[in-house]
**Q** 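First, the structure itself, so that you have it in front of you.
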Amino acid sequence: MKIKKYDFSQVLVFICAILLIIGQLTVGFSNIFFSDSMYVNYNITVNFISAVYGICMTAAAIITILVVKWICKWKYSYILFIIAALILRLLILFIWKIEPTSDFKVTLDLSKILCDTPIGSWKETLDNMSTPYNNEWSAHMPFIMYQTFILKLFGGNFLSIQIVNGLLSFLTCIFASDIAKKMFGDKAGIFTLAISGLNPVVLFFLPVLTNQHSALFFFTAALWVYIRKPIKNKYINIILCGVLTALSHLLRPEMYIVIIAFGVLCVYDILKNKDLKKVICFVIYTVVFFGSLFAADKIIQGNITNRSILSGNLKYKIVVGLNKETLGCWSSEDNLLVNDEKKLNETLKTRITPPPVGLMIGKAIFQTGEFTYDWSMNIDKHPNISQFVVRRFGSAFMALIILMSCGTLINYRKKDELMIFTFIILCFAAVFAVIEIQPRYSYLLISIFPILSSGYIKNVFRK
């Protein structure tokens, strides 16, 4: 078969869709149908009972999406889903109690201490505590500051942080809805709002004090500016997009993935349309992005942290990500390498010679297919809700949305506006094929799939 000019971009779309489908047929399938012991003692088995439970939760997810699609036809459905999205977010914070543990507790405790400390004494206080968050993990200091400012404004209870995160999550739904509306029409916008607002993966994850809620908001807002172009002057739009991307990166350093994706998109546009002006747009975007990061680093480094907030310990993350024994996940043994440069270099050479291609492919599939976050679970107090709603129903819900998203990618594979989503997903998979993985890292993509799924709904379920 003769390949037409520029068909390579369509090949990438199919690769992206295949990757997502495999992720749901493996990781997604296990989270829906495997037994409860999977998240109790990590015993991975499937039996008749667990299969029946999985079928029931899958049916419930299908019914939910069909009901949502039906309600989307109502005259005031948009207002209804806006109210539902906001109320559900506030209710879940009071009903589903998740006490901060691990890194979430450490960063919260630091924020509480800084809240009671004059800003001019922050560096001295942090130095006296010998915390890694102003040294090797200083990249997370902006998020600690974010929590600190919320506590200063609204009081010392971490519920105030949860509520702000919940409001940002609500606004994320609004931005995602407007993106879908611009791309696929009014009904698609309402459907995206509903799916984003009702998504159990997001709702049950909200009580967790992670930096991902605020970072996702700014990332989705940046996508909204890129797609919607709310300001007449295109260069102001580019600048705004760069600033919003930088804010997301400051709160959680993941936006290099998006910068790479926009770079690939720039090359794609030049090859397809022969428009060299795209280079100017990309240069402005990257200059604003890195300029914002360097400006923030100049303020924070030396005054609050000892190291640059742009130091992401990439070498360490690659070493962890290429560990065959842990399948690319964190381990206490690898953690000892953070401050041992010589041993870190030796370990890196060992793990990249030869490159563990099988492990890398498996990690890419896992990270784009896993949407069950054990941080969201409360198995000791509420085992049934954790296993049925959070794990099975949440995974089935995401599986359906992702499969519909694949349908959109394939059906609209010639639509240029969709290419940025394809490139972000592929760049995401490529990066996490190499660095450390963890289930909740897939949260970066959580607002993309409702947008994409609305395109499939528009074509398949039209009157």
Side-chain angles (χ1 to χ4, degrees), residues 100-153 156 158 161 164-165 168 209-219 242-259 286-320 330 334-341 344-345 435-436 438 441 444:
T101 58
S102 187
D103 293 346
F104 307 126
K105 187 177 188 307
V106 173
T107 54
L108 175 63
D109 290 342
L110 283 174
S111 295
K112 287 181 176 179
I113 291 170
L114 294 181
C115 180
D116 297 327
T117 305
I119 293 179
S121 302
W122 279 8
K123 186 177 187 304
E124 181 183 357
T125 300
L126 292 169
D127 285 340
N128 291 336
M129 295 176 64
S130 299
T131 173
Y133 285 99
N134 71 333
N135 289 297
E136 58 265 28
W137 296 115
S138 57
H140 296 289
M141 184 53 66
F143 172 66
I144 294 172
M145 294 167 62
Y146 159 83
Q147 291 193 137
T148 301
F149 291 136
I150 294 174
L151 293 175
K152 280 184 175 290
L153 286 172
F158 68 83
I161 299 173
V164 171
N165 288 340
L168 291 181
L209 290 180
T210 173
N211 53 5
Q212 290 163 286
H213 306 301
S214 50
L216 180 67
F217 162 74
F218 286 110
F219 164 59
V243 170
L244 290 169
T245 309
L247 287 171
S248 178
H249 189 87
L250 287 170
L251 288 164
R252 182 170 180 80
E254 289 180 327
M255 289 297 104
Y256 291 140
I257 293 172
V258 177
I259 294 294
T286 52
V287 167
V288 171
F289 173 78
F290 285 105
S292 300
L293 295 186
F294 290 140
D297 187 49
K298 190 166 183 63
I299 294 171
I300 296 174
Q301 186 183 4
N303 296 316
I304 299 175
T305 64
N306 296 316
R307 292 192 187 182
S308 169
I309 62 172
L310 305 181
S311 58
N313 292 314
L314 180 60
K315 192 184 297 183
Y316 164 76
K317 290 180 180 178
I318 293 174
V319 166
V320 173
W330 181 90
D334 282 341
N335 193 48
L336 299 175
L337 301 173
V338 175
N339 296 312
D340 191 336
E341 190 71 18
L344 184 65
N345 290 331
I435 68 172
E436 174 196 355
Q438 190 181 133
Y441 293 168
L444 172 65

**Q** Which heavy atom of N303 sits nearest to which heavy atom of I299, and what is that distance?
**A** ND2-O, 2.6 Å
**Q** Run the side-chain donor-acceptor check on residues 137-145: report pairs under 3.5 Å with partners two or more places apart or on a different chain.
**A**
from	atom 1	to	atom 2	distance (Å)
S138	OG	N135	O	3.2
S138	OG	R307	O	3.4
S138	OG	S308	O	2.8

**Q** Which atoms form the tightest heavy-atom contact between L209 and P100, and what is the distance?
**A** CD1-CG, 3.7 Å
**Q** For D103, what residues pass the salt bridge (Lys or Arg N to Asp or Glu O under 4.0 Å) criterion, not counting sequence neighbours?
**A** none
**Q** Report the relative orientation of the aromatic rings in Y256 and H249; use parallel for angles under 30°, tilted for 30 to 60°, perpendicular for over 60°.
**A** tilted
**Q** Should L126 and L110 be marked as a side chain to side chain contact (heavy atoms under 4.5 Å, CB included) after you check the CA-CA gap, both sets of side-chain angles, and the distance that decides it?
**A** CA-CA 8 Å; L126 292 169; L110 283 174; 4.0 Å; yes
**Q** What pair of heavy atoms forms the shortest contact from T245 to M255, and how long is it?
**A** O-CG, 3.3 Å
**Q** Restricting to side chain to side chain donor-acceptor pair (under 3.5 Å), what partner residues turn up for Q212, sequence neighbours left out?
**A** T210, R440
**Q** Show the nearest heavy-atom pair for residues T125 and T117, with the distance to one decimal.
**A** OG1-CG2, 3.5 Å
**Q** Quick one: side-chain hydrogen bond (donor to acceptor under 3.5 Å, both in side chains) pairs with a partner in residues 141-151, sequence neighbours left out?
**A** S111-Q147, Y146-N165
**Q** Please list, chain by chain and in numerical order, all residues satisfying salt bridge (Lys or Arg N to Asp or Glu O under 4.0 Å) with K112, sequence neighbours excluded.
**A** none
**Q** Side chains of L108 and I161, heavy atoms from C-beta outward: is any pair under 4.5 Å?
**A** yes
**Q** Measure from the side-chain N and O atoms of N313 to the backbone N and O of E136, and report whether any donor-acceptor pair falls under 3.5 Å.
**A** yes
**Q** Residues in side chain to side chain donor-acceptor pair (under 3.5 Å) with K298, at least two apart?
**A** none
